[in-house]
Protein chains: 2
Amino acid sequence: MTTSPGGEPAERTKAAVLEDVAGLAGVSAMTVSRVLNAPEKVRPETRARVLAAVQELGYRPNFAARSLVTGRSGVLGVVSFDTTLYGPASTLYAIERAAREHDYLVNIASLEAMTRRSIAEGVDRLRQQSVDGVIVIVPHESAADGLRDLPPDLPVVDVGGGERLSVPAVAVDHHAGAVRATRHLLELGHETVHHLSGPANWIDANNRMQGWRHALRGREVPPPLAGDWSANSGYEQGKRLSRDPSVTAVFVANDPMALGLMRAFREAGRRVPEDVSVVGYDDVPEAAHFWPPLTTVRQNFATLGRQAFQLLLNRMVGHDTSERRTVEPELVVRESTSRR
Amino acid sequence: MTTSPGGEPAERTKAAVLEDVAGLAGVSAMTVSRVLNAPEKVRPETRARVLAAVQELGYRPNFAARSLVTGRSGVLGVVSFDTTLYGPASTLYAIERAAREHDYLVNIASLEAMTRRSIAEGVDRLRQQSVDGVIVIVPHESAADGLRDLPPDLPVVDVGGGERLSVPAVAVDHHAGAVRATRHLLELGHETVHHLSGPANWIDANNRMQGWRHALRGREVPPPLAGDWSANSGYEQGKRLSRDPSVTAVFVANDPMALGLMRAFREAGRRVPEDVSVVGYDDVPEAAHFWPPLTTVRQNFATLGRQAFQLLLNRMVGHDTSERRTVEPELVVRESTSRR
DNA sequence: GCGAAGACTGTTATCGCTAACATAAAACGT
DNA sequence: ACGTTTTATGTTAGCGATAACAGTCTTCGC
């Protein structure tokens with residue numbers, strides 16, 4: 001960036017600042033600032049001169065200085081648990097894209113654990129870097145508590161964090177999704193539906209379990225098993241479940257676990273879907289290519305992320321809503337389910 | 001300002017600043033600053049008093065102000081393509097964790113496309129928010145170019161961006177990984193090994209393809225097919241490949257494609273591994289539960305991310321290395337491969 | 001033709017913090 | 001005991017931008 005070694009006058013060592021541009025353009029610093037922030041207030045010719053100077057010096061406004069005086073940073077934070085999981089990763093991605101369109105940058109703070117303390121700490125970390133707002137993706141019961149003792153002056157939006165929240169939130173209607181999944185199996189003629197749920201205290205896991213229970217009302221409700229979202233836990237629990245010959249239909253709380261479970265059943269000699277039908281949840285991109293292709297419930301994480309950003313934007317410009325938006329999941333029928 | 005109508009003395013409307021804390025503790029602002037930045041330079045009793053005041057006022061240093069004067073922001077940026085993909089997501093996650101341990105925050109900028117322009121633009125976006133350094137995760141040929149015309153004053157580290165880079169870099173030795181995968185198949189008695197590669201111009205895809213070629217030297221090298229990393233493309237290409245009865249072993253450039261390919265083969269009546277052996281790449285957490293459990297090459301993304309951060313840290317403190325570190329991948333043999 | 005409104009541009013005062021230097025108090029060596 | 005170092009704290013001066021106000025110079029209306 002330093003001008004060429006040819007001997008040009010402005011062999012800058014330090015980056016150019018407003019004053020430098022002003023000097024070169026023969027105007028005051030304020031005018032340069034205006035050109036950058038409210039161009040219409042500056043006469044076109046001056047503007048052109050300033051812009052040329054900006055160009056020539058490769059001037060970039062100093063973010064810290066601007067943010068110090070305006071009180072806004074143009075950065076928003078996302079607090080999330082494991083961003084390696086498909087759901088959080090996709091949501092984060094959507095948020096980032098939406099943010100970019102509005103000239104916001106995204107700062108991430110991932111959490112070691114999901115306790116109210118760690119959530120507060122994550123938000124705090126972001127706050128220290130003076131983000132303008134925070135989106136929390138913590139699908140855990142602890143989120144509600146963690147969010148409660150947050151400073152009220154910081155706009156916060158929650159994603160998938162349960163009912164009793166003090167902040168605006170977006171969530172997928174997992175109850176409905178689970179009902180759809182379970183009904184689908186019931187309609188296929190299964191007497192009842194078993195359930196492999198996610199870990200305790202995860203909002204999504206609870207909601208799906210409740211939906212499943214709800215859809216099963218009036219029938220025998222088998223005791224649910226719980227995994228930890230991993231394919232491996234699905235496999236382990238699948239092994240147990242496969243020993244019960246009465247099982248003909250299983251609703252699994254996410255796709256990886258469904259994958260593991262199907263493997264366990266196959267290894268136990270029970271064919272999917274001939275002997276037992278399986279429905280997953282998430283519709284990860286691979287689900288269509290599992291063996292057999294998995295019937296599952298699709299969540300639209302992109303929408304989720306976009307909505308979350310919208311809500312945050314609203315809150316940031318002042319609308320003090322505690323709006324709650326819901327995204328509907330959709331059943332995708334493939335080949336892991338069949339008529340009994 | 002304006003103490004509240006209630007009459008309480010410190011009914012703050014605005015957040016407390018250094019001066020407020022100083023006042024309460026009966027010291028100068030500078031002392032407070034020292035307590036926060038170099039506690040050992042302050043007498044324990046004063047320190048305690050200051051800390052108490054900080055506590056009482058809930059004081060949080062203003063990031064912009066600090067950063068304005070120190071010239072450092074404590075934020076680093078990560079430019080990445082699709083952070084939804086397992087690799088980038090895991091790497092990002094590892095970077096974030098390493099960064100946190102060193103009190104850095106991570107800003108992300110994901111890219112719409114992988115062109116030199118968009119890379120430069122992504123870095124730029126981060127630079128405007130004055131990040132202290134940038135890690136670029138763009139496993140594409142364009143990365144090298146995109147990085148070349150970067151301002152030299154900004155510490156940049158590349159992850160997986162190929163050989164001819166102008167900046168420090170970390171990469172997995174995909175060539176070696178591919179060689180291992182291919183040799184494994186060869187040692188199992190297969191005459192040759194087919195290859196389903198990733199999209200053209202992706203560094204990883206190229207390296208793996210070269211490794212495969214290398215391991216095959218002296219034998220017939222079948223024309224490789226190319227997918228787009230998705231399970232779906234694996235399935236499509238798998239359908240084509242399954243029509244060729246001479247195929248007995250396939251090295252697939254990533255796990256999702258391997259999943260799709262195995263499905264295609266199965267649907268074509270060719271059993272894996274009895275009729276055809278398949279090796280994947282990545283070792284995604286689900287790979288062990290594919291049907292059959294996938295033999296694959298594990299990349300340690302966590303190490304990759306950590307190393308990238310280390311390198312960046314080095315560069316940021318001034319060491320002007322253009323060090324290049326390599327992470328070795330590891331073959332994980334499961335059940336998708338068998339003796340011919 | 002002259003005051004008033006409007007259009008541009010400039011001046012000044014911060015924003016909240018820390019580097020660098022200055023000072024005061026305590027500790028020390030001989 | 002006295003200058004000298006060390007230790008603890010305070011003072012001053014910005015970092016680089018923008019808000020708010022203050023001038024100029026035009027442009028108009030009547």
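A note on names: the letters A, B, ... follow the listed sequences, proteins ahead of strands, and every chain is numbered from 1.
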Between [X] ([atom1]) and [N] ([atom2]), how many Å, whole number?
X: B:Arg43; N: D:dT9; atom1: CZ; atom2: C1'; value: 9 Å
X: A:Asp20; N: D:dC15; atom1: CG; atom2: P; value: 11 Å
X: A:Glu19; N: C:dG10; atom1: CD; atom2: P; value: 11 Å
X: B:Lys41; N: C:dA25; atom1: NZ; atom2: C1'; value: 18 Å
X: A:Glu45; N: C:dT9; atom1: CD; atom2: C1'; value: 13 Å
X: A:Asn37; N: D:dA20; atom1: CG; atom2: P; value: 14 Å
X: B:Leu36; N: C:dA19; atom1: CG; atom2: P; value: 12 Å
X: B:Leu18; N: C:dG16; atom1: CG; atom2: C1'; value: 7 Å

Subject >> End-to-end axis angle, where each axis spans five pairs of the helix from C:dG1-D:dC30 to C:dT30-D:dA1, to 10° >> reply: 30°

Measure from the side-chain heavy atoms of [X] and tell me the nearest of [options].
X: A:Leu68; options: C:dC17, D:dG16, D:dT18; value: D:dG16
X: B:Asn62; options: C:dT11, C:dG16, D:dG16; value: C:dG16
X: B:Ser33; options: D:dA17, C:dG10, C:dT18; value: C:dT18
X: B:Val17; options: D:dA17, C:dC17, D:dG10; value: C:dC17
X: A:Tyr59; options: D:dG10, D:dT18, D:dA17; value: D:dA17
X: B:Val69; options: C:dG10, D:dA17, C:dG16; value: C:dG16
X: A:Met30; options: C:dC15, D:dT9, C:dT11; value: C:dT11

Salt bridge between [X] and [Y], side-chain N to carboxylate O under 4.0 Å?
X: B:Arg315; Y: B:Asp132; value: no
X: A:Glu45; Y: A:Arg47; value: no
X: A:Asp145; Y: A:Arg117; value: no
X: A:Asp103; Y: B:Arg125; value: no
X: B:Arg100; Y: B:Glu96; value: yes

Using a cut-off of less than 4.0 Å, is there contact between a side-chain N or O of [X] and OP1 or OP2 of [N]?
X: A:Thr31; N: C:dG10; value: yes
X: A:Thr46; N: C:dT9; value: yes
X: A:Arg66; N: D:dT18; value: yes

Original post:
Taking the inter-plane angle between the rings of B:His102 and B:Phe309 on a 0 to 90° scale, is it parallel (under 30°), tilted (30 to 60°) or perpendicular (over 60°)?
Top reply: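 Tilted: the ring planes of B:His102 and B:Phe309 meet at 30° to 60°.
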
**OP:** Grab the two heavy atoms, one from B:Ser80 and one from B:Thr83, that are nearest each other, plus how far apart they are.
**Re:** OG-CG2, 3.5 Å

Subject >> Exercise: identify the closest heavy-atom pair between B:Arg324 and B:Ala171 >> reply: NH2-CB, 3.9 Å

Original post:
Is there a donor and acceptor pair closer than 3.5 Å between the side chain of A:Arg34 and the base of C:dG10?
Top reply: yes

